[in-house]
Amino acid sequence: MISLNNKIISKIKNDLDKNKKISIRTYKNDRGFTIYFTNSEYVIKEDGFFNKEYKLKDWQSSKKILKKIFKTEFPRSNNIRYNIS
C-alpha cells in the first residue's frame, strides 16, 4: 500500500524537474515547507514546528528529510495546500 506521503513526494519530484518552487502547507496555513532545486542542490526550508533549512546534494537524502518533515509538520493532516510557483 502506498501512503499519502509517498504519493506527494513522487509528485514533488516530478514538479521539481520543471524547475519550480513548491510550497506545501497545512490547511490552516500555519506549518509547512518549501522545496526548490538550485544549480547543484535541493533546498528545503521547513517553517512551522521547527524552522530549519536543509541543502542536500541528491534526491535520496532529500526524500529522507521530506519523510521526516511530513511526520513532524503534518502529523494528523488530511488536507494540505500544494502551491507551485
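Numbers for residues simply follow the sequence, beginning at 1.
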Fill in the blank from the handout: For Pro75 and Arg31, the nearest pair of non-hydrogen atoms, with its separation, is CD-NH1, 4.1 Å

Handout entry: Close side-chain approach of Trp59 and Leu16, heavy atoms under 4.5 Å
Key = yes

Exercise for the section: Output every pair passing salt bridge (Lys or Arg N to Asp or Glu O under 4.0 Å) with a member in residues 35-52, not counting sequence neighbours, ordered by first then second residue. Expected result: Arg25-Asp47, Glu41-Lys57

Exercise for the section: Using the test side-chain contact (heavy atoms from CB on, under 4.5 Å), find all partners of Lys28 that sit at least two apart in sequence or belong to another chain. Expected result: Thr26, Asp30

Exercise for the section: Indicate yes or no: at least one non-hydrogen side-chain atom of Phe70 is less than 4.5 angstrom from one of Ile8. Expected result: yes

Exercise for the section: Taking all heavy atoms of Ser61 and all of Leu56, pick out the closest pair and write down the distance. Expected result: OG-CB, 3.7 Å

Problem - Close side-chain approach of Ile24 and Ile12, heavy atoms under 4.5 Å - result: yes

Problem - Listed partners of Ser23 passing side-chain hydrogen bond (donor to acceptor under 3.5 Å, both in side chains), at least two apart - result: none

Problem - Separation of Ser62 OG from Lys67 NZ (nearest 0.5 Å) - result: 12.5 Å

Problem - Residues forming a side-chain hydrogen bond (donor to acceptor under 3.5 Å, both in side chains) with Asn79, sequence neighbours excluded - result: none

Problem - Non-neighbouring partners of Lys20 that pass side-chain contact (heavy atoms from CB on, under 4.5 Å), sequence neighbours left out - result: Lys18, Ile84

Practice task
Kindly check if the number of other-residue, nucleotide or ligand heavy atoms within 6.0 Å of OH (Tyr82) is above 12?
Solution key: yes

Problem - Quiz item: cation-pi between Arg81 and Tyr27, 6.0 Å / 45° - result: yes

Exercise for the section: Not counting sequence neighbours, which residues clear side-chain hydrogen bond (donor to acceptor under 3.5 Å, both in side chains) with Lys13? List them please. Expected result: Tyr42

Problem - Side-chain heavy-atom pair Ile35, Leu66 within 4.5 angstrom cut-off - result: yes

Exercise for the section: Rounded to the nearest 0.5 Å, what's the gap from OH on Tyr54 to CZ on Phe33? Could you check? Expected result: 11.0 Å

Handout entry: Side chain proximity check, Thr34 to Ile44, heavy atoms < 4.5 angstrom
Key = no

